[in-house]
Amino acid sequence: MKIKQILAVIKLNSRLQLSNPAVQFIMVLIPLIMAPFMLPAAKNQLVAEGYLAANGSEQVIPGLAILFSFFSIQLIIQMFFDETNWNTWERQQISATSLTEIITGKVFVSYLIQLFQLTVVILISSLLFKFCINGSWVTFSIVIISFAATLTFFGILLVSWTKSASVALALSNLLGILMAGLGGSLSPVSTFPNWAKALAKIDPAYWALTAIKKISLDRGNFNTVSHCLIVLWSMTIIFCLASLLGFYHRPLKEGNN
């Protein structure tokens, strides 16, 4: 792969995303609007679990940030399928830029979108809603960085194995709501029935939120959440390999919509 070609893809796709940042803005704004209405109930839940000093943000803020990160997958999907609508996908591959370089550049921009949204929501919430990390900030950052990568490749996976943008978008919304909810974005997994608790363990959102809870409420560090990170990294690798297989098995076609 040529770094110059990858950087060109990154530059182009970054400009396209920045030219119309409305969706990114909305995905950051809505969690901040919803949070105040959810904090009292979340506080009561956490106090009942024994976290007497909790204010509710420890449950609400990570949960909403992750929920709307799933919705942001639509930006990743659109980034790829726009190329087919513009009839530029195959033209790029005929140029000096290879398929691998195109995918790598787009994946990098997709990752930045996810990382930006998660980071901004959490940073603003720390100011507005007193969301605090009692454990290791470094480990917390690693969890956010890791989950952003997992979610990015989940979005790429949907792109690589679906026939059209409409199918990919429908799946991303459906699976996003299911996975965010099952992972504990809206309610602690401890309140779920046993079958849901078991099913949650195949959900990346569950492992991210479990790690965040241990860090923010139980003063966790890297050793405390290392098993959660290993699961997230493993899922990221699986999604990545499956995505590459999908692109080469059923490549996107021009005019696909």
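When a residue number appears, it is its place in the shown sequence, counting from 1. Everything numeric in this text was worked out from a predicted model, so none of it was measured.
- A ring-ring contact (aromatic ring centres under 6.0 Å, His included) check over residues 164-213, counting only residues at least two apart or in different chains, returns nothing.
- With a 4.5 Å cut-off on side-chain heavy atoms, Phe140 and Ser216 do not count as touching.
- The backbone N or O of Phe222 sits less than 3.5 Å from a side-chain atom of Thr139, completing a donor-acceptor pair.
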What side-chain donor-acceptor pairs closer than 3.5 Å can you find for residues 120-131, not counting sequence neighbours?
| from | atom 1 | to | atom 2 | distance (Å) |
| --- | --- | --- | --- | --- |
| Ser125 | OG | Val121 | O | 2.6 |
| Ser126 | OG | Leu123 | O | 2.5 |

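- Annotation: Phe247 is in aromatic contact with Phe80 [ring centroid separation under 6.0 Å].
- In this structure Ala41 satisfies the side chain to side chain contact (heavy atoms under 4.5 Å, CB included) test with no other residue, sequence neighbours excluded.
- Note: the hydrophobic cluster containing Ile212 also contains Val138 (ILVMFWY, side chain heavy atoms under 4.5 Å, direct or indirect links).
- Judged as a side chain to side chain contact (heavy atoms under 4.5 Å, CB included), and not counting sequence neighbours, the contacts of Leu241 are Ile237.
- Atom-to-atom distance recorded for Lys214:NZ and Thr224:OG1 is 7.5 Å, nearest 0.5 angstrom.
- In this structure, Ser185 contributes its side chain and Gly181 its backbone to no donor-acceptor pair below 3.5 Å.
- Scanning all heavy atoms of the two residues, the minimum distance from Leu118 to Ala65 falls at CD2-O, 3.7 Å.
- To the nearest 0.5 Å, atoms CD1 (Ile76) and OG (Ser172) are separated by 9.5 Å.
- A pairwise comparison of heavy atoms in Met38 and Val60 identifies O-CG2, 3.7 Å as the closest pair.
- In this structure, CG on Leu245 lies 11.5 Å from SG on Cys240, to the nearest 0.5 angstrom.
- Of all the heavy atoms in Gly56 and Leu39, the pair that sits closest is C-CD2, 3.6 Å.
- Taking both residues in full, the closest heavy atoms of Val109 and Ile10 are given as CG2-O, 3.7 Å, listed atom of the first, atom of the second, then distance.
- A continuous path of ILVMFWY side-chain contacts below 4.5 Å connects Val225 to Val189, so both sit in one hydrophobic cluster.
- Gln59 contributes a side-chain N or O that, together with a main-chain N or O of Gly184, makes up a donor-acceptor pair within less than 3.5 Å.
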Query raised in the report: How far apart are the C-alpha atoms of Thr150 and Thr236, what are their side-chain angles, what is the distance that settles it, and do they pass the side chain to side chain donor-acceptor pair (under 3.5 Å) test?
Result: CA-CA 4 Å; Thr150 306; Thr236 302; 2.6 Å; yes
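- In this structure the side chain of Leu67 reaches within 4.5 angstrom of the side chain of Leu186, judged on heavy atoms.
- Linking Ile, Leu, Val, Met, Phe, Trp and Tyr residues whenever their side-chain heavy atoms come within less than 4.5 Å leaves Leu64 and Leu178 in two separate clusters.
- Atom NZ of Lys43 sits in a sparse spot, with 12 or fewer heavy atoms from other residues, nucleotides or ligands closer than 6.0 Å.
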Name every donor-acceptor pair, under 3.5 Å, that has one atom in a side chain of residues 24-32 and the other anywhere in the protein, sequence neighbours excluded.
| from | atom 1 | to | atom 2 | distance (Å) |
| --- | --- | --- | --- | --- |
| Gln24 | NE2 | Gln17 | OE1 | 3.3 |

**Report entry** Verdict with supporting geometry, Ile145 and Tyr111, side-chain contact (heavy atoms from CB on, under 4.5 Å)
**Finding:** CA-CA 9 Å; Ile145 290 169; Tyr111 175 71; 2.9 Å; yes
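- Contact of the Leu169 side chain with the Leu158 side chain is not registered, since no non-hydrogen atoms from C-beta on lie closer than 4.5 Å.
- Not one N or O on the side chain of Asn134 forms a donor-acceptor pair closer than 3.5 Å with the backbone of Arg219.
- Here Lys106 does not pair with Glu101 in a salt bridge; the nearest charged N to carboxylate O distance is not below 4.0 Å.
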Requested in this report: Output, in order, the C-alpha distance, side-chain angles, deciding distance and verdict of side-chain contact (heavy atoms from CB on, under 4.5 Å) for Lys11 and Arg15.
Outcome: CA-CA 6 Å; Lys11 184 178 180 180; Arg15 284 182 176 178; 3.0 Å; yes
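- Applying ring-ring contact (aromatic ring centres under 6.0 Å, His included) to Phe239 and the options Trp161, Phe154, Phe153 leaves one that passes, Phe154.
- Contact record, Gly183 with Asp203: N-OD2, 3.3 Å, taken as the closest heavy-atom pair.
- Between the side chain of Thr119 and the backbone N or O of Phe116 there is no donor-acceptor pair closer than 3.5 Å.
- To the nearest 0.5 Å, atom CD1 of residue Ile113 and atom OG of residue Ser72 are 8.0 Å apart.
- Listed for the Asn221 side chain is a donor-acceptor partner under 3.5 Å among the backbone atoms of Asn223.
- To the nearest 0.5 angstrom, Leu112 atom CG is 10.5 Å from Gln114 atom CD.
- Under the 4.5 Å side-chain heavy-atom criterion for ILVMFWY residues, a single connected hydrophobic cluster contains both Ile142 and Leu232.
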Report task. Could you please spell out the steps behind the side-chain contact (heavy atoms from CB on, under 4.5 Å) verdict for Ile133 and Ile215? Result -> CA-CA 7 Å; Ile133 299 298; Ile215 296 168; 3.5 Å; yes
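- Counting only residues at least two apart or on different chains, the ring-ring contact (aromatic ring centres under 6.0 Å, His included) pairs with a member in residues 35-72 are Phe68-Phe71.
- Between atom CG of residue Leu12 and atom CG of residue Leu7 there is a gap of 12.5 Å, rounded to the nearest 0.5 Å.
- Closest approach of Leu229 to Ser146, counting heavy atoms only: CD2-OG, 3.8 Å.
- Ile3 is connected to Val107 through a chain of hydrophobic side-chain contacts under 4.5 Å among Ile, Leu, Val, Met, Phe, Trp and Tyr, so both are in one cluster.
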